[in-house]
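Each ligand, and each atom within it, is numbered from 1 in the order the structure gives.
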Amino acid sequence: MNDNYSIIILGAGLTGLTAAFHLVKRGKKVLILEKNDRIGGQIRTLEKNGFVFETGPNTGTVSHPEVAELFAALSPACELENADENAKHRLIWKGDRFRELPGGLLSGVTTPIITWKDKFRILGEPFCPKGTNPDESVAGLALRRLGKSYLDYCVDPFISGIYAGDPARLLTRYALPKLYRLEQTYGSFIKGAVAKAFEPKTERDRLATKKIFSARGGLSNLTAALADAVGRENITLSVSSVKIQPVENHWQVAFSTPEGEKIVQAEKVITTVSAHVLRDILPFIEPSEMNKITGLRYARIVQVAVGVKDTCGLRFNAFGGLIPSCEQKDLLGILFPAACFSGRAPEKGMAFSFFIGGMKAERLTELPDKEIENLVVREFHEMLKFPAHIEPDMIHIARHTHAIPQYEKSTGERLEVIEKLQNRYPGLILAGNIRDGISMADRILQGTKIAGKL
Ligand SMILES: Cc1cc2nc3c(=O)[nH]c(=O)nc-3n(C[C@H](O)[C@H](O)[C@H](O)COP(=O)(O)OP(=O)(O)OC[C@H]3O[C@@H](n4cnc5c(N)ncnc54)[C@H](O)[C@@H]3O)c2cc1C
């Protein structure tokens with residue numbers, strides 16, 4: 001076997017696999033090195049007792065044309081599945097039950113989750129001056145433009161749903177860049193949304209449907225199809241002790257596998273691993289610079305898949321429900337994937353994903369499995385209103401210690417140092433969700449763009 005590659009990619013998650021897919025299509029010789037004994041990274045679909053469920057991301061949004069194009073290129077090995085109409089209904093917990101998030105003008109006026117004061121105040125949003133602090137937090141922006149009840153009952157749960165984060169610490173510029181640009185460009189969210197709706201769109205722009213997606217049969221089918229297209233022989237699993245070094249005009253990568261030690265060479269190296277891993281694998285980078293990358297904080301999350309074979313007529317026709325932190329519950333939210341995608345639960349049953357932890361309730365992620373299970377069963381009855389005689393038929397606990405990176409104040413200097421290092425060491429590409437967005441769509445976009453530039 002020739003041990004010289006065009007590109008070595010660290011990590012067989014969605015970013016690494018997408019980049020490899022496009023590079024292999026362009027005839028590049030690629031090797032992916034993966035620590036785990038499976039591909040997929042955070043994406044993992046499991047089957048248990050007749051339920052098909054995700055232990056990582058549940059759904060994505062087709063927010064970039066590259067997402068639709070990737071699925072089209074993989075078809076028929078993997079099929080994009082758009083969520084059905086139920087996904088349009090979003091719930092927010094207030095008081096003693098989930099209530100529908102307003103989707104239109106009338107429901108916006110009548111909803112009990114927003115105060116009358118803020119309902120009137122929103123009429124003045126187009127006239128509210130635009131922000132001048134580039135380091136304004138998401139909470140600061142929401143309070144300034146929308147009001148406290150919007151912050152508490154819309155923005156806070158929305159941020160829990162995406163970042164499992166704290167809106168007071170996430171910076172809008174990095175965490176919600178589209179929203180930041182909307183205010184900076186149009187001076188108002190409402191004016192910006194109206195202007196955007198009338199902007200001309202190309203055929204390709206329209207591929208970004210903004211619809212909620214999964215892969216038919218679960219998201220692991222997406223990463224499996226990518227790995228097959230890349231060629232499983234080009235992916236080495238179960239690697240450890242990876243060390244990357246610049247050597248003259250190429251890169252040397254040393255690593256261990258269960259079969260022994262290896263050293264390979266490449267013209268370029270792409271890392272897609274989390275920030276905390278980089279220190280060990282890039283030993284030639286000065287600690288003062290590396291610290292600016294590893295300062296990135298991650299939300300810890302426990303995700304619990306819950307299945308019930310017969311709901312006895314209880315219906316859950318929605319995407320799921322989010323829980324504002326001011327409501328003081330022990331959950332971030334509950335998704336209803338079986339209400340939106342086919343084949344996730346038996347015909348009369350339902351599958352749920354309970355999310356626990358995040359930046360505001362990290363201590364809950366330390367609970368042992370039995371207490372997590374008790375908590376989930378309690379909320380299964382209290383929040384989902386299952387009567388006492390119905391118990392879950394399946395519970396699966398997945399723990400994520402580095403689930404979602406938090407694009408907080410440290411982001412500016414992290415991005416600066418990444419740029420500097422990439423300029424100083426040509427052929428080194430520091431990618432993954434340490435930059436460019438945390439969603440699956442962002443990962444597909446980044447992997448595609450990087451491959452396009454090489
Ligand atoms: C619980 C949870 C829920 C989420 N929900 C959503 C959602 O609803 N919608 C959405 O769009 N996104 C969601 N996300 C985010 C989404 O899952 C990620 O953005 C995406 O999967 C990350 O892909 P990646 O390839 O960048 O990173 P990863 O999937 O983390 O892949 C990195 C890979 O690198 C490997 N690796 C680590 N260290 C080494 C090493 N030393 N050597 C070699 N390999 C190494 C890892 O094992 C891993 O396979 C969620 C994430 C989590 C954890």
Side-chain angles (χ1 to χ4, degrees), residues 8-21 31-45 53-64 67 83 87 160-165 212-214 219-220 222-223 226-227 235-244 253-257 269-283 298-305 319-320 322 332-333 335 337 340 353-358 365 397-405 430-447 450:
I8 290 179
I9 299 175
L10 229 62
L14 186 55
T15 310
L17 288 168
T18 303
F21 171 76
L31 173 68
I32 303 185
L33 298 177
E34 167 56 51
K35 177 190 73 169
N36 286 335
D37 61 359
R38 62 172 188 87
I39 55 114
Q42 294 186 333
I43 294 176
R44 189 174 205 185
T45 313
F53 57 91
E54 306 289 350
T55 66
N58 276 253
T59 61
T61 308
V62 187
S63 41
H64 312 298
V67 177
S160 287
I162 299 178
Y163 280 92
I212 301 290
F213 77 88
S214 177
L219 288 164
S220 280
L222 168 61
T223 46
L226 281 168
I235 305 174
T236 303
L237 299 176
S238 305
V239 303
S240 57
S241 313
V242 179
K243 295 266 181 270
I244 299 173
V253 182
F255 58 95
S256 302
T257 69
V269 181
I270 305 172
T271 69
T272 71
V273 301
S274 303
H276 65 287
V277 180
L278 288 171
R279 192 187 304 279
D280 280 349
I281 64 176
L282 301 170
Y298 285 79
R300 296 164 82 96
I301 296 179
V302 178
Q303 186 182 170
V304 188
F319 181 73
L322 289 167
L332 293 165
L335 295 183
C340 304
S353 282
F354 285 60
F355 291 86
I356 298 166
T365 63
I397 298 172
R399 294 175 184 271
H400 301 269
T401 53
H402 292 84
I404 313 275
L430 302 174
N433 58 17
I434 59 173
R435 61 177 168 99
D436 301 337
I438 59 146
S439 72
M440 288 190 287
D442 293 332
R443 305 293 79 242
I444 290 172
L445 177 64
Q446 188 193 57
I450 286 173

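Remark: Thr401 engages Arg300 in a side-chain contact (heavy atoms from CB on, under 4.5 Å) (not counting sequence neighbours). In terms of the side chain to side chain donor-acceptor pair (under 3.5 Å) criterion, Arg38 has no residue partners (sequence neighbours excluded). Remark: Arg44 pairs with no residue by the salt bridge (charged side-chain N to carboxylate O under 4.0 Å, His left out) rule, at least two apart or across chains.
Separation of atoms OH (Tyr163) and CD1 (Ile301) is listed at 12.5 Å; rounding is to 0.5 Å.
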Using a cut-off of under 3.5 Å, which N/O atoms of ligand 1 pair up with protein N/O atoms, and what distance separates each pair?
from	atom 1	to	atom 2	distance (Å)
ligand 1	8 (O)	Thr59	O	3.1
ligand 1	9 (N)	Thr59	O	2.7
ligand 1	11 (O)	Met440	N	2.8
ligand 1	17 (O)	Gln42	OE1	3.2
ligand 1	19 (O)	Ile438	O	2.5
ligand 1	25 (O)	Leu14	N	3.0
ligand 1	25 (O)	Thr15	N	2.9
ligand 1	25 (O)	Thr15	OG1	3.3
ligand 1	26 (O)	Thr15	OG1	2.6
ligand 1	29 (O)	Gln42	N	2.8
ligand 1	44 (N)	Lys35	N	3.1
ligand 1	47 (O)	Glu34	OE2	2.6
ligand 1	47 (O)	Asn36	ND2	3.3
ligand 1	49 (O)	Glu34	OE1	2.6
ligand 1	49 (O)	Glu34	OE2	3.1

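Using a 4.5 Å heavy-atom threshold, the side chains of Thr59 and Pro337 count as separate.
Of the possible polar contacts, one joining the Glu54 side chain to the Leu219 backbone as a donor-acceptor pair under 3.5 Å is found.
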